[in-house]
Amino acid sequence: MTAGMDKISDILAGSRIGRESEIRGWVYRIRGSASKVFVILRDSSGIVQCVGSRESLGEERFKELSSLTIESSLSLRGSVAKDDRAPTGFELKISDFTIYQRNDNFPISKDMSEEFLLDVRHLWVRSREFTAMLKIRSTVFNAFSEFFYNEGYYEVHTPMMVSTATEGGSTLFKLPFFGEEVSLSQSSQFYLETLIFSLEKVFTVAPSFRAEKSRTWRHLTEYWHGEAEVAWMNNEEMMAVEEKMIEHVVRRVLEERQEELSIIKREPAKLERIRTPFLRKKYSEIVKESEIYGLKLKYGDDFGMEEERSITKSLEKPIFVTHYPVALKSFYHRPDPENPSEILCHDLLAPEGYGEIIGGGERIWDLEELKARMQEGNFDPEQYYWYLDLRKYGSVPHSGFGLGMDRLVTWICGLQTIRDAIPYPRTIRRIKP
RNA sequence: GCCGCUGUAGCUCAGUAGGUAGAGCACCCGGCUGUUAACCGGACGGUCGUCGGUUCAAAUCCGACCAGCGGCGCCA
């Protein structure tokens, strides 16, 4: 219906100066006076000021336009001019318009509480800041997948309704399933492991669900999990892939999303220094030098929020923490043959206090070793028969990792809470909208 | 799961020696302005989260409940 429609970005690029243009979108701001009305129109590509005058539109049409409210939808036609008085430097002088919907009061204006904005999240997603974040998020997800395709990985898809826990039973969401009970997936890892025996290098991006009653700035009950699993790869090699992947994602954001970074006030300089190689430290080293971070840690302590914040607060790039004590991680991690009390694993902590975004490492690939570790952890081998089978038939050394995609977006965008990194956050107390 | 906090007009909030509520913004009307989430005037707007208790009298004191927010633990 609209062959000749322009996007607002076409106007902002300067290519329509002195010409007729037709654009459509939503009223971002509107101000009127006796003789002029200023409509700042918004579309997916940006905002531009449009001015209508009583003189050229006529009394009736002028009133029709100037009485519109925020977020009403319309199309506007007029000539384009450069104008420094306009917010984005260009202006459309309105000769004609079509209103699609004249709104009642839009519920959102200035001075909105965090809580209210969450209640009207379905409308708040239209805001400039949120739109900018969504565009960056889109780039992050695209760049993540692109990286693995470029590296020869296969994208695969695993079930979200499952019968086995990956991280422990207490955090499972249970669902009725034809007279039985199933759980929502906490991680695709075990299924990814089954697929390396044919594809060798696999990755997936999928939601994960955890019924942890977490109340923090970096937990969601439903979050997006980027995971990979690779045959023949050790812990060191896995980390090298991950840092290259993070570097690639950050690079793409810097290349494509400068404007959006500026809208959300994220300093690009802080992202520009995300270059490989990242820092690497063993768990035991961190414990040994914990006074440097203002911490008093003893061997065997796990790192909590305060520890991660202190360690990463003044860092300029991410840090891999490796070789955790066996007791601190899940049963499937492979102990270091040189020192079986520590495992060949890594967490990647993002700088500026953001903390853990990746957990990964080598998997136990010996059957008896895996059985023994499962027993210690009270995991029922019957339930995991298929996972154990992988260690019976052509087992190979392999590694993998899981990345919190929403945490990655939170850090890259410099956000205060993970809830602002996803359109519809699911937390212990929020399931609407 | 643990600790803390909040709930008064559509929105943001003020309102305690207990005496049946106020401001700003939004909406509506009018004025003014090449405006920049402008300004001036007027009108509209509330069973003070719910239930119960104390009291002559409760937004205010007490109890229970509901909803949400912040922090910790757990993890990505």
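Chain letters run A, B, ... following the sequence lines, proteins first, then strands; residues in each count from 1.
If you check every strand for non-hydrogen atoms under 4.0 Å, Arg430(A) touches sugar and phosphate atoms only. Leu408(A) comes within contact range of no nucleotide atom at all, as no heavy-atom separation falls under 4.0 Å. Counting non-hydrogen atoms under 4.0 angstrom, Arg54(A) reaches nothing in the nucleic acid. The residue Arg419(A) sits close only to the backbone: its heavy atoms come under 4.0 Å of sugar-phosphate atoms, none of a base. Using a 4.0 Å heavy-atom criterion, one finds that Lys432(A) contacts no nucleic acid atom at all. Using a 4.0 Å heavy-atom criterion, one finds that Asp302(A) contacts the sugar-phosphate atoms exclusively. Among the heavy atoms of the strands, none lies under 4.0 Å from Ile70(A). Using a 4.0 Å heavy-atom criterion, one finds that Ser35(A) contacts no nucleic acid atom at all.
For Glu289(A), the side-chain contact (heavy atoms from CB on, under 4.5 Å) partners at least two apart in sequence or on another chain are Lys281(A), Ile292(A), Tyr293(A). Every residue meeting the ring pair (Phe, Tyr, Trp, His ring centres under 6.0 Å) condition with Phe203(A), not counting sequence neighbours, appears here in chain and number order: Phe148(A), Tyr149(A). A search for side-chain contact (heavy atoms from CB on, under 4.5 Å) contacts involving Ser56(A) returns Ser53(A), not counting sequence neighbours. Annotation: side-chain contact (heavy atoms from CB on, under 4.5 Å) contacts of Lys282(A) (sequence neighbours excluded): Ser284(A), Glu285(A), Thr322(A), His323(A). Remark: Leu328(A) engages Tyr283(A), Asp302(A), Tyr324(A), Pro325(A) in a side-chain contact (heavy atoms from CB on, under 4.5 Å) (not counting sequence neighbours).
The base of U6(B) lies outside donor-acceptor range of the side chain of Glu115(A), with no N or O pair under 3.5 Å. One cannot find a donor-acceptor pair under 3.5 Å joining the base of C74(B) and the side-chain atoms of Thr171(A).
Here salt bridge (charged side-chain N to carboxylate O under 4.0 Å, His left out) pairs that include residues 304-314 of chain A, with residues two or more places apart or in two chains, are Arg218(A)-Glu308(A). Evaluation of the salt bridge (charged side-chain N to carboxylate O under 4.0 Å, His left out) test over residues 37-53 of chain A, restricted to residues two or more places apart or in two chains, returns Lys7(A)-Asp43(A), Arg42(A)-Glu71(A). For residues 349-358 of chain A, the side chain to side chain donor-acceptor pair (under 3.5 Å) pairs, not counting sequence neighbours, are Arg266(A)-Glu352(A). Listed by first and then second residue, the salt bridge (charged side-chain N to carboxylate O under 4.0 Å, His left out) pairs that reach into residues 133-150 of chain A are Lys135(A)-Glu260(A), Arg137(A)-Asp406(A), Glu146(A)-Arg252(A), sequence neighbours excluded.
Closest to the Arg429(A) side chain, of the nucleotides A37(B), U35(B), G68(B), is G68(B).
The two residues Leu408(A) and Ile246(A) make their nearest non-hydrogen contact at CD1-CD1, 4.0 Å.
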What nitrogen or oxygen pairs link the protein and nucleotides 26-32 of chain B at under 3.5 Å?
| residue | atom | partner | partner atom | Å |
| --- | --- | --- | --- | --- |
| C27(B) | O4' | Asn105(A) | ND2 | 3.2 |

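Aromatic stacking of Tyr223(A) on A76(B): satisfied, with centres closer than 5.5 Å and planes within an angle under 30 degrees.
Looking at residues 84-92 of chain A, you'll see Arg85(A), Ala86(A), Pro87(A), Glu91(A) sit with a heavy atom under 4.0 Å from some atom of RNA chain B. Contacts between residues 39-47 of chain A and RNA chain B, defined by a heavy-atom separation under 4.0 Å, are absent.
In this structure, Arg61(A) satisfies the cation-pi test against Phe97(A), with its NZ or CZ atom closer than 6.0 Å to the six-membered ring centre and inside 45 degrees of the ring normal.
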